[in-house]
Structure formats: C-alpha cells, structure tokens
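Please read these numbers as outputs of a predicted model, since none were measured by experiment.
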Amino acid sequence: MDLVTADDVRAAATRIAGLVVRTPLTTGPGADAGFCLKPESLQPTGAFKLRGAGNAVALLSPDRRANGVVTHSSGNHGLALARAARAQGTSCTVVVPESAPTVKVDRIRETGARVELVPVEERLARARQLEEEQGLALVPPFDDPNVIAGQGTVGSEILEQSPDVETIVVPVGGGGLASGVATAAQAVPGVRVVGVEPELAADAAESLRLGRRVTWPDESTGRTMADGVRTGLSERTYEHLRARSGGVVTVTEDEIAHAVRVLACQARLVAEPSGALAAAAILAGRVPGDPARPEATVAVVSGGNVDPALFARLIAAA
C-alpha cells in the first residue's frame, strides 16, 4: 500500500489555507505543565477534521463534486464535510450513529447537511448505499489518502511553530490524524509522534503490539466517554502508524475526565473527552513532559464539540 508523503501534506496545506484556521501553540495548563497545546478546538467546526475534509472535497473532480458528497461520522467529520461541501457549493449527506451526541448532530444540520440516523453498525453500509444509489462522492472519515494528508497539516504547523519540538502527542480513533501528523514529522529527524487511546477503546495499541490490525466490537469501544475515538484503524492507517508512529499509549476514563477539567480551568480551553486524550497522557505521566522545555512536547487538543451536560458534569466533579 502506498503511504501518504510529506509532499502530499505540503500540497494540502496550500489547498486548504482559505478554509481552516492556523491554530496557535499555547502554553500548557499550569506553570509547570511541561508541554504546549495545539488547540484544534479553535477551528470553525470545533475540531481538526475540517483539514482532511477540505482537502478531500477540493480534490474531487468538478463533475464528481457537483453530485454532492456523503460520509458516515459520529459528528466532527460530518460537520467538517458539511462545511467543506458548502464552501465548494455542493450538497452533503451525513450518516450518523443513533448514539452520537445531540450537540454534534444539531451542528451538522445547522451547516446545511442532510442527516440520516442509523444504528451504529449500519453507518458504513448506508453511506455506501447512498454513494451507489445517488451518485454521491464518499469521503471517509479517515481511510482516505487525501483526508490523511489534510490532517497532516496539524503536524506541519507544529513543526513550523516550535522548531524545538521532539514529541507530538495526538488522539487516535480511526488513525487519520496520527497518520498524517506522523507523515509530516518525517521531515524533521528526531521528532516522534505518540498516539493516545482510552483503555476502553485500545484497538490501535493492541494492533501495534501484536503486529497486525485488530478490531474491537462496538459494544466494547462504546463504553468510553471519548465518543470521537470509538472507531478502529483501517488497514491504511494501521500501515501508517506501524511504519511511522512512536507507538500508542492508553489512558483511563478518570484520567480523561481530569484532563478535560484541567484544560478548562487552567488552560482556558473547552475540550471534548476525545480532544483531551493527548493532554491526559502527559498529565498522567504516560508521555513525560519537561517543565524546563515545554516547547519540546506538544499535545494536540483535537476537538471541543462536547455535550454541554457532560462538560458540566466533568467540571463539577473537580
């Protein structure tokens, strides 16, 4: 399988420049946090997904794009694709699991997309059915080289913003973000990319440990509050992580909740549980930071589209 290249990431950065925000690097929570933050929660759609969706839609042929696009998503990718499609003047349909947070579903609809709610196990099949029946262009959430290249622009920006970076820590669900960032990081020797998963959805960590891709059933991954990373790796993203990542570590539900609180109260950032995974790993000591060199470690806050009721409960538990 051909892997995405650093040149693909650089081309994507040019292609999506007018669509996405170049998010800043900010100081980590607390005076001695020992790491910096890349708040992709500040994107117009509240998550990094706009980068990959924007690149993929821009690369569709005019005829293919004119028919409209379709995807399956728990929320953030669907919202991103809806916005990218609107920017290109085309329609968007998003197949959403019935268990998706209401706040994410509502935002997808507000962007002008048509939403279909289906049982979680039917989401991919329904998206493919719509592709075939209506001639829509399917833009997967992560299993697509153009999506991966777009997500990799998170990494290329970090490399430009922090020349002293040595470790970039990213959440892992389907693996598109980690694959893209690890690809971008290849341009600078000595920079490693570490993925983070919840213990309750640790299929990527197990896959890398066993040397083959494994999948966990929805009833297992559905236990984590980090709804954005309940999806497992594809063969494409597994091969990227196997070849280019510095491994995947795991965090507990309590550690995720703690990171959401710390990011809100000390870094003034709203993060959904999935978006707080990288910070959780550093705060829990799974990936060491260095108070003397915080610029050497960067945690990607991948999204901030958290259900308000859940966010209130997590903050109140402090």
Side-chain angles (χ1 to χ4, degrees), residues 1-4 8 12 15-16 19 45 47 49-100 104-151 173-177 179-180 203 213 215-219 221-222 227-228 230-240:
M1 179 182 296
D2 291 335
L3 303 186
V4 173
D8 294 328
R15 201 172 287 120
I16 64 175
L19 181 69
T45 56
K49 293 282 192 175
L50 187 58
R51 296 171 180 271
N55 190 50
V57 173
L59 284 169
L60 291 172
S61 69
D63 289 344
R64 187 88 167 117
R65 190 164 57 235
N67 288 335
V69 296
V70 64
T71 195
H72 55 94
S73 168
S74 64
N76 283 338
H77 175 68
L79 178 59
L81 187 63
R83 188 176 180 101
R86 188 176 70 181
Q88 293 282 356
T90 193
S91 62
C92 177
T93 299
V94 184
V95 180
V96 179
E98 294 170 336
S99 58
K104 293 184 178 181
V105 178
D106 289 345
R107 288 199 66 195
I108 293 172
R109 287 195 172 109
E110 290 168 2
T111 308
R114 186 171 70 89
V115 172
E116 284 201 17
L117 294 171
V118 300
V120 64
E121 66 275 9
E122 297 177 13
R123 60 195 187 278
L124 177 57
R126 179 55 178 160
R128 287 176 172 167
Q129 183 181 17
L130 290 169
E131 177 189 26
E132 181 176 347
E133 292 178 352
Q134 300 183 19
L136 305 179
L138 178 61
V139 180
F142 54 87
D143 189 24
D144 182 278
N146 297 329
V147 170
I148 290 172
Q151 317 303 29
L177 176 62
S179 296
D203 55 286
R213 185 175 72 95
T215 58
W216 286 22
D218 293 332
E219 56 266 28
T221 61
D227 63 279
R230 291 171 180 163
T231 302
L233 302 177
S234 67
E235 286 292 347
R236 186 186 311 277
T237 54
Y238 167 72
E239 289 298 334
H240 279 79

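To the nearest 0.5 angstrom, Gln151 atom CD is 11.0 Å from Asn146 atom CG. The NZ atom of Lys104 sits 7.5 Å away from atom OG of Ser73, with the distance rounded to the nearest 0.5 Å. Note that CD of Glu98 is 8.0 Å distant from CD of Glu122, once rounded to the nearest 0.5 Å. Between the CZ atom of Arg65 and the CD atom of Gln88 there is a distance of 4.5 Å, given to the nearest 0.5 Å. Put simply, OG1 on Thr93 and CG on Leu138 are 11.0 Å apart, with the number rounded to the nearest 0.5 Å. With rounding to the nearest 0.5 Å, the separation of CZ in Arg64 from CG in Leu59 is 13.5 Å.
Looking at heavy atoms from C-beta onward, Asn67 lies out of side-chain contact with Gln134 at the 4.5 angstrom threshold.
Contact detail for Thr111 and Leu79: the closest heavy-atom pair is OG1-CD1, 3.2 Å. Closest non-hydrogen pair, His72 versus Arg123, comes out as CB-O, 3.7 Å. Nearest heavy-atom pair, Pro145 versus Val4, reported as atom, atom and distance to 0.1 Å: O-CG2, 3.5 Å. Minimum interatomic distance between Ala85 and Ser91 (heavy atoms only, all atoms of both residues): CB-O, 4.0 Å. When all heavy atoms of Val147 and Phe142 are compared, the pair lying nearest together is CG1-CA, 4.1 Å. Taking each heavy atom of Ala137 and Leu60 in turn, the nearest pair found is CB-CD1, 3.9 Å.
Other residues, nucleotides and ligands contribute at most 12 non-hydrogen atoms within 6.0 Å of the CD atom of Glu132. Heavy atoms of other residues, nucleotides or ligands lying less than 6.0 angstrom from CZ of Arg126 number more than 12.
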Practice item. I would like to know whether Val139 and Asp144 meet side-chain contact (heavy atoms from CB on, under 4.5 Å); could you show each step before the answer? Key: CA-CA 8 Å; Val139 180; Asp144 182 278; 5.8 Å; no
Exercise for review: Go through the steps to decide whether Asn55 and Ile16 satisfy the test side-chain contact (heavy atoms from CB on, under 4.5 Å), and finish with yes or no.
Suggested key: CA-CA 6 Å; Asn55 190 50; Ile16 64 175; 4.0 Å; yes
Exercise for review: List the steps and the verdict of side-chain contact (heavy atoms from CB on, under 4.5 Å) for Thr45 and Asn76.
Suggested key: CA-CA 8 Å; Thr45 56; Asn76 283 338; over 6 Å; no
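Comment: Arg86 does not engage Glu110 in a salt bridge, judged by the lack of any side-chain N to carboxylate O separation of less than 4.0 angstrom.
No donor-acceptor pair under 3.5 Å is formed between the side chain of Thr237 and the backbone N or O of Leu233.
In this view, Thr71 and His77 satisfy the side chain to side chain donor-acceptor pair (under 3.5 Å) rule, not counting sequence neighbours.
For the side chain to side chain contact (heavy atoms under 4.5 Å, CB included) with Arg114, the lone residue among Ile108, Val70, Leu130, Val94 that qualifies is Leu130.
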